[in-house]
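All chains are named by letter (A, B, ...) in the order of the sequence lines, taking the proteins before the strands, and each is independently numbered beginning at 1.
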Amino acid sequence: MIELHLLILVIVVSFGFVFSYLAMKEHDLLKALALSSVQSTFFALGFYILAAPDIVLAYLAIAVGAYTALVILAISKTERYEVGE
Amino acid sequence: MNFESAFLNVLYFSAVIYALAFILYGIRAIKGPTTADIILAVDCLSFDMAAFMVVLGIYFKSIMLASGAIILALWAFMLDVYYTKYVLYGEVEV
Amino acid sequence: MIEEVIFIIGSIAILLGAIYDLIAAIGLLRFGDFYMRSHAATIGTIGGAAFPVFGAGLVALVYHPLGSQRFFMAGIAFTVGVLILLIAPTGSHSLVSAVYFGKVGKKPPLVVDQLEEDLPRREDVAELVREHEEVPGEEEEPKFSFRRVGR
């Protein structure tokens, strides 16, 4: 029983690793942003299980809110698709 | 009736089912053909994660932990609004 | 006596919400196109998130090992439940309207699309934009765009 939330922590952190790799290899920048937001949502639950509520409050406001807003603003001013090598 | 042991049993079953649901949402977010599928998956994922945070906060006996659920539910809603404004209007006013 | 009844009702709500959540996850994984997936997401947000949060609030109201903090915990739980009830339908509607009007992805094979018949036709939109902007020198037909119609 005591290891249950540690098992959930392992699942959450490994999914975050997979999503950060997929966001790095993606050429569509809007899709990469959506994958990055999935990764930050998973990591928020990871920080929660590690019993750090202050880091959860700061990390959610930065990685889900301000980061996506700024990157979508940058994409709308420039181009959406990454071209070239 | 001992509330603590009864709640431990409830948490044991519900946490296993919630973990399975998180894995399935993650697989949909990996597979998703368009960006809207990923946004829909992260929408469901964040709301269910907020519910799981409240249930887990009762188990850890801490109210500081449970206050992260409000922030998670509110910021995940902003992602939908940003995506809709980008697709329909072509520009985002932050 | 009354505390045990409230505890049992809250526990049943948490367990039922978890089962709703698993059903919604399977539906989100197995359905074919985006609109059916949004139907599964409705179950996942209301039945899988708002319902167990209200159940957890009822449990926290009578959970004595929490001490006098249990009223704070119940307040947080009911606040999250009301917020999810307000936010989740708004987000789903905005996302589906973005997919429909922005023509994201491939359109599923429909028998009849009654929303498309109610939309303004291309000539009407062009006339509306022309009399709204009053640019006589512009010859080309304006594209169908929501921003130019609205303002």
What pair of heavy atoms forms the shortest contact from A:Leu4 to B:Ala15, and how long is it?
-> CD2-CB, 3.6 Å
Do the non-hydrogen side-chain atoms of B:Leu45 and A:Phe42 ever get within less than 4.5 Å of each other?
-> yes
Rounded to the nearest 0.5 Å, what separation is found between the CG atom of A:Leu33 and the CD1 atom of B:Ile38?
-> 10.0 Å
May I ask you to name which of A:Leu22, A:Ile49, A:Leu35, A:Leu45 has the most heavy-atom pairs under 4.5 Å with chain B?
-> A:Leu45
Parallel, tilted or perpendicular, as decided by the 30° and 60° cut-offs, for the rings of A:His5 and B:Phe60 | perpendicular
To the nearest 0.5 angstrom, please state how far the CH2 atom of B:Trp75 sits from the CD1 atom of A:Ile62.
-> 10.0 Å
Which region of B:Ile70, side chain (C-beta onward) or backbone (N, CA, C, O), has a non-hydrogen atom less than 4.5 Å from a non-hydrogen atom of chain A, or is it both or neither?
-> neither
When rounded to the nearest 0.5 angstrom, what is the spacing between CD1 in B:Ile30 and CZ in A:Phe15?
-> 5.5 Å
Pairs of heavy atoms under 4.5 Å with chain B: top-ranked of A:Asp54, A:Leu30, A:Asp28, A:Leu7 | A:Leu30
Quick one: CZ on A:Arg80 to OG1 on B:Thr35, what's the gap to the nearest 0.5 Å?
-> 5.0 Å
Chain B shares the most heavy-atom pairs under 4.5 Å, among A:Val12, A:Val38, A:Val56, A:Val18, with A:Val38
Does A:Ile72 offer a backbone N or O that forms a donor-acceptor pair with the side chain of B:Tyr82 under 3.5 Å?
-> no
Using non-hydrogen atoms and a 4.5 Å limit, figure out which bit of B:Phe52 sits close to chain A: side chain, backbone, both or neither.
-> side chain
Taking atom CD1 of A:Ile11 and atom CD1 of B:Ile23, what is their separation to the nearest 0.5 Å?
-> 4.0 Å
